[in-house]
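In what follows, a structure is listed as structure tokens, so that the remarks can point back to it.
Here the structure is a predicted model, which means the values were calculated and not measured. In what follows, every chain begins at residue 1, and chains take the letters A, B, ... in the order their sequences are listed. Because only heavy atoms are used, hydrogens play no part in the values below, and waters and symmetry mates are left out as well, while side chains stay in.
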There are 2 protein chains.
Amino acid sequence: MDTKSHLIETATTLFQQKGYKTVGLNEILKACNVTKGALYHHFPNGKDELLVTCLLALKEDITTDIQTIFSKHLSTKDAIISMIDTLIHSFEKTGTITGYTFSSIVSEMATMSEEVRKACSDLYENIEHIYCTKLLEDGFSKEAATAMSLLLTASIEGAMMLCLTQQSTDPLKTIAKLLPNIMEKF
Amino acid sequence: MDTKSHLIETATTLFQQKGYKTVGLNEILKACNVTKGALYHHFPNGKDELLVTCLLALKEDITTDIQTIFSKHLSTKDAIISMIDTLIHSFEKTGTITGYTFSSIVSEMATMSEEVRKACSDLYENIEHIYCTKLLEDGFSKEAATAMSLLLTASIEGAMMLCLTQQSTDPLKTIAKLLPNIMEKF
DNA sequence: ACTAACAAACGGACCAGTTGGTATGTTGGG
DNA sequence: CCCAACATACCAACTGGTCCGTTTGTTAGT
């Protein structure tokens with residue numbers, strides 16, 4: 001394979017595994033036996049240009065991948081289930097999630113210490129617990145409350161990520177309108 | 001205020017704004033006029049210990065904050081709306097989201113270039129578009145499909161973050177069970 | 001009341017290693 | 001001959017971290 005493609009593939013994997021800041025140029029270079037001269041020949045603007053190239057290629061891959069899954073299934077429901085299933089299997093196999101999102105690249109979570117991971121996990125647990133308690137007061141069943149509190153946590157967390165990337169508060173606003181409707185129907 | 005607290009507060013803010021890896025010790029030190037000797041006196045294990053301390057303190061703050069909001073409102077619905085509203089206002093005021101989540105700390109999004117942000121934004125747009133198209137085929141109205149595709153994107157994205165922090169596939173599994181139910185009721 | 005002893009709380013120089021980036025040299029195909 | 005495609009050597013800037021000296025406050029003994 002040509003040097004440039006080799007560089008992109010290796011860098012993409014490393015970025016996904018460890019995050020952009022964590023991965024140094026030398027690490028990428030060593031991983032695919034390419035010298036600095038070659039890198040700056042193909043990417044005159046250095047690391048940043050390499051990242052952008054990786055993201056653009058990845059975007060195409062992910063989009064067609066999801067597109068394929070959706071064309072295979074009749075309803076959105078089935079497609080979503082199949083898609084999440086793919087994610088779950090990938091996680092169980094590799095121990096991390098790299099597909100269908102950029103967050104693994106812009107997140108340093110994978111490289112954080114166990115203590116840090118635990119602190120983050122504890123926070124989400126606290127939040128979910130608050131939600132769950134209130135939902136039980138609202139009259140939800142135990143199972144429904146548990147599932148719903150997770151949906152609340154996840155969708156708000158995800159909406160925050162979307163707001164940051166879009167530089168807009170629209171995602172949170174939409175979620176805020178939708179979640180009450182959903183809760184009422186349960 | 002004592003040096004240690006000062007250090008924690010300054011570091012927390014910087015970590016939230018720029019991400020852990022991006023912020024150097026010297027930057028923190030300069031920002032609160034503290035020397036390296038003082039830092040390593042209070043945090044013998046250096047940067048990592050400082051981060052963990054920040055996270056633990058932040059966890060308490062966030063938890064009690066959300067707890068307060070939830071105790072003020074009668075139903076979960078009202079509490080969630082109020083909470084998201086707080087997030088939206090905070091975003092509109094400061095230009096970024098730092099509250100109620102750790103993702104701003106473990107994410108490098110804020111420090112990424114405009115090109116990178118755009119690439120991420122485009123990916124989410126692609127994904128949402130796929131969802132939306134399928135939902136319209138399913139018979140959803142235009143507004144419902146738009147809102148629902150955002151909920152799907154956000155909740156899956158959030159669930160992935162939860163899986164990474166919890167080192168478990170449970171969040172995605174729960175979401176996979178819940179989302180079909182929700183889609184059917186619309 | 002005076003002081004010796006000790007420790008906590010720093011201040012700041014210094015360190016090796018690594019970072020992204022550049023400048024120059026070499027090579028092989030058209 | 002020329003130019004793309006590298007390779008090599010090198011660079012300043014910065015990274016987190018260590019070491020040791022100094023100040024300040026507290027305690028204990030006489």
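Side-chain to base pairing of K36(B) with dG17(D): one donor and one acceptor N or O lie within less than 3.5 Å of each other.
Base engagement by G37(A) is indicated by at least one non-hydrogen atom pair under 4.0 Å involving a base atom.
Contact annotation: T3(A) side-chain N/O to dC6(D) OP1/OP2 distance is under 4.0 Å. An OP1 or OP2 oxygen of dC14(D) is reached within less than 4.0 angstrom by no side-chain nitrogen or oxygen of N26(B). Here H41(A) reaches the OP1 or OP2 of dA5(D): one of its side-chain N or O atoms lies under 4.0 Å away. Contact check, K47(B) against dG16(D): a side-chain N or O comes under 4.0 Å of OP1 or OP2. Side-chain nitrogen and oxygen atoms of H42(B) include none within less than 4.0 Å of the OP1 or OP2 phosphate oxygen of dA8(C).
Remark: side-chain polar atoms of K59(A) are not paired, donor with acceptor, to backbone N or O of C120(B) under 3.5 angstrom. A donor-acceptor contact shorter than 3.5 Å links the side chain of T10(A) to the backbone of H6(A).
Between the CD atom of E27(A) and the P atom of dG21(C) there is a distance of 16 Å, given to the nearest Å. Counting to the nearest Å, the C1' atom of dG20(C) and the OH atom of Y20(A) are 9 Å from each other. Remark: C1' of dA9(C) and NE2 of H6(B) are 16 Å apart, rounded to the nearest angstrom. Summarising the geometry, the separation between CG on L29(B) and P on dG16(D) is reported as 10 Å, rounded to the nearest angstrom. At whole-Å resolution of the value, CG in L39(B) and P in dT18(D) are 12 Å apart. Whole-Å rounding puts the K18(A) NZ to dT18(C) P distance at 13 Å. Here the P atom of nucleotide dT18(C) and the CG atom of L25(B) are 17 Å apart, to the nearest Å. The distance between atom NZ of K21(B) and atom P of dC14(D), rounded to the nearest whole Å, is 19 Å.
Between the side chains of D65(B) and T68(B), not a single donor N or O lies within less than 3.5 Å of an accepting N or O.
Under a 4.0 Å N-O distance rule, the pair E27(B)/K21(B) does not qualify as a salt bridge. For the pair E114(A) and R117(A), the salt-bridge criterion is met [side-chain N within less than 4.0 Å of a carboxylate O].
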